[in-house]
Participant: 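My structure is below; once you've seen it, I'll send some questions.
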Amino acid sequence: MSQLWQMSAASLVAAVRAREVSALEVADAHIERALTWNDLGAFLHLEPEMARRRARAIDDRLARGEDPGPLTGVPVALKDNLCTRDMPTTCGSRILETFVPPYDAHVVERLRQAGAVLLGKTNLDEFSMGSSTENSAFRLARNPHRLECTPGGSSGGSAAAVAAGLAPLALGSDTGGSIRQPAAFCGVVGLKPSYGLVSRYGLIAFASSLDQIGPLARGVDDAALLLEAVAGHDPRDATSSCRAVPPLRASGSIEGLRLGLPREFFGDGLAPEVAAAVERAKSLLVDQGARAVDVSLPLTRHAIAVYYIVAPSEASSNLARYDGVRYGLRADGGDASVDEMLATTRGEGFGREVKRRILLGTFSLSSGYHDAYYGRAQKVRAAMRREIEEVFLHVDLLLTPTTPTAAFGLGEKLEDPLAMYLSDVLTVSANLCGVPALSLPCGRTANGLPIGLQLMAPRFGEETLFRMARAYESLAPDASLWPPERAA
Amino acid sequence: MPIDPGEVRRLARLARLRIEADEAEALARDLERVVGYIDSLADVALPEDADALTYFSSDVTRDDHAGPCLDHDEALANAPEHDDAFFLVPKIVEKDEA
């Protein structure tokens with residue numbers, strides 16, 4: 001039998017329910033693993049005692065003949081921008097360093113109800129602003145496949161934790177690619193669900209018209225299992241949809257499904273190894289009966305420009321709440337006025353990238369620039385959404401690379417914000433258009449770094465997305481990508 | 001468009017964000033590059049009457065019912081400074097000297 005930390009979430013649920021292994025043993029195996037891999041920087045707060053208490057409670061329920069739920073005994077790691085009433089929630093920022101929320105996020109409530117064992121909170125770029133987790137105010141995160149590379153970001157801690165077997169499942173959030181890009185860099189499956197599928201109640205807001213919470217896992221079925229546990233209507237998030245969530249783990253044929261290949265996603269800047277891996281993936285799917293169709297989405301060429309107006313504008317508004325009054329840091333100001341206290345608190349509490357984006361958003365929204373920047377971006381965004389909806393009249397899914405290159409090196413893009421922004425060029429369109437998109441591993445570079453394949457579906461088309469992803473996973477020889485082992 | 005440290009300081013005042021002098025120069029350089037990039041949107045051909053996208057979800061409304069909310073002590077627990085009932089901030093209104 002494989003080690004507990006190597007097992008899928010679904011097989012752990014089955015084993016714990018059958019009392020072949022206790023939830024406590026499962027929790028211990030993952031805690032030990034997380035301590036061994038501590039220098040990965042995947043966790044900001046690991047909570048071993050809390051996890052063990054929770055695991056014992058689940059074992060007690062099983063002993064009484066109860067069913068603790070669909071995630072019985074499964075350890076789950078949470079991105080540290082999801083509110084937890086019993087653990088710190090820092091968003092990777094000094095300004096929230098001491099914050100312990102008075103309530104749980106909706107997804108956290110759902111995980112507790114489903115019998116999951118929460119392991120702790122994972123590392124991220126401050127307020128999710130970044131593509132490498134290097135903007136975390138607290139710890140450097142590393143890629144388990146190659147320690148001198150970034151795990152991607154902003155959900156880099158969640159992706160690294162799942163990739164290295166510190167947790168079989170993790171939640172992340174995705175505003176412009178923050179689940180899919182780290183999933184691609186770390187060789188795991190990551191999904192940004194349709195806008196409205198998962199409640200954001202208790203997710204610390206970055207850009208509210210783009211933010212979604214989604215799963216990271218080592219396999220497609222595990223990602224579906226986690227999504228099923230957290231998706232569905234919640235009246236506390238006004239954008240949460242009332243649609244019923246379809247079953248996502250049913251397998252089905254891909255015969256006749258049309259895969260659109262948008263030519264703008266295969267252009268300049270795409271690494272030849274990435275292009276070749278995606279081409280191989282497409283051929284495998286076509287051999288199984290899918291049909292490849294060339295399509296064009298010309299407006300997506302402007303996606304990064306639209307994104308870097310819309311997201312910072314919303315962020316500058318959302319981050320106005322950090323005022324040193326109700327929670328978080330307050331700068332020690334002596335006799336300072338309220339205005340001085342506020343400006344000093346924010347100046348000391350926010351890191352460079354967060355300041356950059358607040359200023360950029362303030363610029364796009366400010367008097368005299370609003371129509372030329374924010375107003376225009378919203379118009380291009382509307383046109384982009386219409387364009388993708390029209391393409392989805394002719395194809396069932398889109399198939400693209402997730403990122404133009406495999407993981408880049410630590411420090412490589414840190415001093416060049418524009419280069420960092422451009423690394424999200426293939427992922428932001430799904431957020432701008434509200435459609436679901438999934439990244440799954442489709443091979444490695446010659447250096448052993450994972451490559452990600454992205455599938456996109458029409459809004460609320462998750463079932464088809466998972467069906468295609470599952471088909472690929474069952475065909476591909478290298479769909480599972482463990483990082484190299486290290487001495488304990 | 002050019003962005004100088006003075007413009008950064010103006011934006012920082014609007015955003016209630018204290019910026020150090022050396023920081024303003026670096027931020028001006030960064031913002032100028034990013035704004036130079038996003039300026040490309042001016043070239044996108046759009047119809048005169050193009051709609052702006054504001055939000056996606058129009059299928060959700062809710063009744064306005066009173067319900068439980070945060071307990072007073074819980075709401076104050078994270079405040080940097082508070083008394084039994086209120087968040088405390090530096091004095092806003094000066095006493096009339098006259």
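Please read all numbers here as calculations on a predicted model, not as lab measurements. Letters A, B, ... are given to chains in the order of the sequence lines, protein chains preceding strands, and every chain is numbered from 1.
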Participant: Could you tell me whether the side chain of A:Arg376 reaches within less than 4.5 Å of the side chain of B:Leu46, counting heavy atoms only?
Facilitator: yes
Participant: Minimum heavy-atom separation for B:Pro80 and A:Gly324, please, with both atom names.
Facilitator: CG-O, 3.5 Å
Participant: To the nearest 0.5 Å, tell me how far A:Tyr421 OH sits from B:Arg33 CZ.
Facilitator: 10.5 Å
Participant: Please state whether the side chain, the backbone, both or neither of A:Pro235 comes within less than 4.5 Å of a heavy atom of chain B.
Facilitator: backbone
Participant: Using non-hydrogen atoms only, which part of A:Val306 is less than 4.5 Å away from chain B: side chain, backbone, both, or neither?
Facilitator: both
Participant: Enumerate donor-acceptor pairs with a distance under 3.5 Å from any side-chain N or O in residues 359-367 of chain A to protein atoms, sequence neighbours excluded.
Facilitator:
unit_1: A:Thr362; atom_1: OG1; unit_2: A:Ile358; atom_2: O; d: 2.6
unit_1: A:Ser364; atom_1: OG; unit_2: A:Leu360; atom_2: O; d: 3.1
unit_1: A:Ser366; atom_1: OG; unit_2: A:Thr362; atom_2: O; d: 3.4
unit_1: A:Ser366; atom_1: OG; unit_2: A:Phe363; atom_2: O; d: 2.9

Participant: Using 4.0 Å as the upper bound for N to carboxylate O, is an ion pair formed by A:Asp323 and B:Arg16?
Facilitator: no
Participant: Compile the donor-acceptor pairs under 3.5 Å between side chains in residues 81-88 of chain B and protein atoms, sequence neighbours left out, one pair per line.
Facilitator:
unit_1: B:Glu81; atom_1: OE1; unit_2: A:Arg330; atom_2: NH1; d: 2.9
unit_1: B:Asp83; atom_1: OD1; unit_2: B:Ala85; atom_2: N; d: 2.9
unit_1: B:Asp83; atom_1: OD1; unit_2: B:Phe86; atom_2: N; d: 2.6

Participant: Which value, rounded to the nearest 0.5 Å, describes the distance between B:Tyr37 atom OH and A:Leu422 atom CG?
Facilitator: 5.0 Å
Participant: Could you tell me which of A:Tyr327, A:Phe350, A:Tyr103 has the largest number of non-hydrogen atom pairs under 4.5 Å with chain B?
Facilitator: A:Tyr327
Participant: Tell me, for B:Ala77 versus chain A, whether the close heavy atoms (under 4.5 Å) come from the side chain, the backbone, both or neither.
Facilitator: neither
Participant: What's the shortest heavy-atom distance between A:Ala305 and B:Ile38, and which atoms?
Facilitator: O-CG2, 3.6 Å
Participant: Chain B heavy atoms under 4.5 Å from A:Ala377: which part of the residue, side chain, backbone, both or neither?
Facilitator: both
Participant: To the closest 0.5 Å, what do you measure between CZ (A:Arg356) and CG (B:Leu31)?
Facilitator: 8.0 Å
Participant: Measuring heavy-atom distances to chain A, does B:Glu7 have an atom under 4.5 Å in its side chain, in its backbone, in both, or in neither?
Facilitator: side chain
Participant: Taking only residues two or more places apart in sequence, or in another chain, which ones meet B:Arg29 in a salt bridge (charged side-chain N to carboxylate O under 4.0 Å, His left out)?
Facilitator: none
Participant: Considering only heavy atoms and a distance below 4.5 Å, find which of B:Asp71, B:Val35, B:Ile3 pairs most often with chain A.
Facilitator: B:Val35
Participant: Below 4.5 Å from any heavy atom of chain A, which atoms of B:Leu17 appear? Answer side chain, backbone, both or neither.
Facilitator: both
Participant: Relative to chain B, which segment of A:Tyr369 carries a heavy atom at a distance below 4.5 Å: side chain, backbone, both, or neither?
Facilitator: side chain
Participant: Under 4.5 Å between any side-chain heavy atoms of A:Arg326 and B:Asn78, yes or no?
Facilitator: no
Participant: Out of curiosity, B:Asp51 CG to A:Arg386 CZ, how far, rounded to the nearest 0.5 Å?
Facilitator: 5.5 Å
Participant: So that I can tick it off, tell me whether B:Glu23 and A:Lys355 are bridged by a salt bridge, with the cut-off set at under 4.0 angstrom between side-chain N and carboxylate O.
Facilitator: yes
Participant: Say you draw a straight line from CG of B:Leu41 to CZ of A:Arg381; how long is it, rounded to the nearest 0.5 Å?
Facilitator: 13.0 Å
Participant: Who in residues 338-347 of chain A is close to chain B, using a strict under-4.5 Å heavy-atom cut-off?
Facilitator: A:Val338, A:Asp339, A:Met341, A:Leu342, A:Ala343, A:Thr344, A:Arg346, A:Gly347
